[in-house]
Amino acid sequence: MRFYDEIWDILNEGDVELKFLKFELFYEKFRSNLDICFDEISAPNELTTPCYAKFCDVVSMKELNKKVKPKDKNLNFIHSVAHIEFSAIDIALDACYRFRGLPREFYEDWLEVAEDEIRHFCMIENLLTKQGGRYGELSVHDGLFIALQKTSDRLTSRMALLPRYMEANGLDANAHIIKRLEGEGGQEELIECLKVILKEEVSHVYKGDKWFKFACKKEGVDEKSYFDIILNLYPNSFKSMREINEKDRLKAGFSEEELSWIKNFSKERS
């Protein structure tokens, strides 16, 4: 199989069931080491449209906030989690497609992440169905897709922004939401799903940390440039932060020094 061609096909597949089936068959071949060709015949194609645009109403973050009505809040929350998990599938796949000539372990790591994200999506989609909803019936934002586009040129930028900043922020948000839901009582199934996602996404951020540091060495960049990379891409980053999930961030590769910087920077800008 031609590795990059097959990944590109899965990335752009807009039928959810077919997308997951294609991934399952591809991943089985990859793990079996059967006829994998990593030849780079041409440069990576640019992603111009997210595959979910085929069945979702895609709007900006600002527009999305205007569309949420009070009576839809719970359903909207579950739908938004489903969208994050679905977007994360393509983020992992695009890392495999776009960044070439890297150790096989890089592709193993991000295909494993894609498999996790598919499972996370299916868990949340099941909850959505029980609520009488379905993924795609509510508007979604393209924030993660734009972040993917912004970081298509350098591995340092991609690893810094997507797993090590955005998904790391998700560790904070998820822990906060679990704590709030447990305090309110009820929604046990949603809480259990979020706990599974939180536990497994620590490893995703860890993989981002590992390959960010690898990319820094490869590109001759100081690892401390992490903050400069993020602030250059999104100047308002770190400005206002909820309580940091220090325990999980440390497991995922952050240093105590970095966490202190984030907390101090947030206080200075708030």
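Only this structure's heavy atoms are used, side chains among them; waters, hydrogens and symmetry mates stay out. The residues of the chain are indexed from 1 along the displayed sequence.
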remark   = Residues at least two apart in sequence or cross-chain that pass side-chain hydrogen bond (donor to acceptor under 3.5 Å, both in side chains) with Glu13, listed by chain then number, are Lys22
inquiry  = Measuring centre to centre across the rings, with the benzene-like ring taken for any Trp, is Phe99 within less than 6.0 Å of Trp211?
reply    = no
inquiry  = Whether the His120 and Glu200 side chains hold a donor-acceptor pair (N or O, under 3.5 Å, no angle test) is what I'd like checked.
reply    = yes
task = Please say whether more than 12 non-hydrogen atoms of neighbouring residues, nucleotides or ligands are located less than 6.0 Å from NZ in Lys54.
result = yes
inquiry  = Tell me whether Ile89 shares a hydrophobic cluster with Leu47, the cluster being built from Ile, Leu, Val, Met, Phe, Trp, Tyr side chains joined at under 4.5 Å.
reply    = yes
query = What residues form a side chain to side chain contact (heavy atoms under 4.5 Å, CB included) with Glu46, not counting sequence neighbours?
reply = Arg98, Ser152
ask   = Under 6.0 Å from the six-membered ring centre of Tyr226 and within 45° of its axis: does the NZ or CZ of Arg164 meet both?
value = yes
message = Can you list everything that forms a ring pair (Phe, Tyr, Trp, His ring centres under 6.0 Å) with Tyr27? Sequence neighbours excluded, please.
response = Phe23
message = I'd like to check the ring pair (Phe, Tyr, Trp, His ring centres under 6.0 Å) partners of Phe121; sequence neighbours left out, ordered by chain and number.
response = Phe20, Phe86, Tyr135
ask   = Between atom CG of Asp222 and atom OG1 of Thr156, what is the distance when rounded to the nearest 0.5 Å?
value = 12.0 Å
request  = Could I get the full list of side-chain hydrogen bond (donor to acceptor under 3.5 Å, both in side chains) partners for Tyr52, not counting sequence neighbours?
outcome  = none
inquiry  = Please enumerate all residues that pass side-chain hydrogen bond (donor to acceptor under 3.5 Å, both in side chains) together with Glu184, with sequence neighbours excluded.
reply    = Arg180
key: Presence of salt bridge, Glu246 and Lys263, under 4.0 angstrom   = yes
Ion pair Lys207/Glu167, N-O distance below 4.0 Å = no
inquiry  = According to salt bridge (Lys or Arg N to Asp or Glu O under 4.0 Å), who are the partners of Glu24, at least two apart in sequence or on a separate chain?
reply    = none
Residues Asp209, Lys213: salt bridge by 4.0 Å N-O rule = yes
task = Only counting residues at least two apart or in another chain, list the ones meeting side chain to side chain contact (heavy atoms under 4.5 Å, CB included) with Ser80.
result = Phe77
request  = Could you tell me which residues satisfy side chain to side chain contact (heavy atoms under 4.5 Å, CB included) with Asn245, sequence neighbours excluded, listed by chain and number?
outcome  = Leu171, Asp172, Ala175, Leu198, Lys247, Asp248
inquiry  = Which residues pass the side-chain hydrogen bond (donor to acceptor under 3.5 Å, both in side chains) test with Glu192, not counting sequence neighbours?
reply    = none
ask   = Listed by chain and number, what are the side chain to side chain contact (heavy atoms under 4.5 Å, CB included) partners of Arg2, not counting sequence neighbours?
value = Asp5, Cys37, Asp39, Ile41
query = Are Glu108 and Arg104 close enough for a salt bridge, meaning some N to O gap below 4.0 Å?
reply = yes
remark   = Interatomic distance, NZ@Lys179 vs CD1@Ile191, rounded to 0.5 Å, equals 13.5 Å
ask   = If you measure from CG on Asp57 to CD on Glu63, what distance do you get to the nearest 0.5 Å?
value = 8.5 Å
note = Applied to residues 137-156, the ring pair (Phe, Tyr, Trp, His ring centres under 6.0 Å) test, sequence neighbours excluded, yields His83-His141
ask   = Using 30° and 60° as the class limits, which term best fits the ring planes of Phe3 and Tyr107: parallel, tilted or perpendicular?
value = perpendicular
message = Between Lys195 and Glu188, does any side-chain N to carboxylate O distance fall below 4.0 Å?
response = no
Modelled atom types, side-chain donor and acceptor of His204 and Glu117, under 3.5 Å = yes
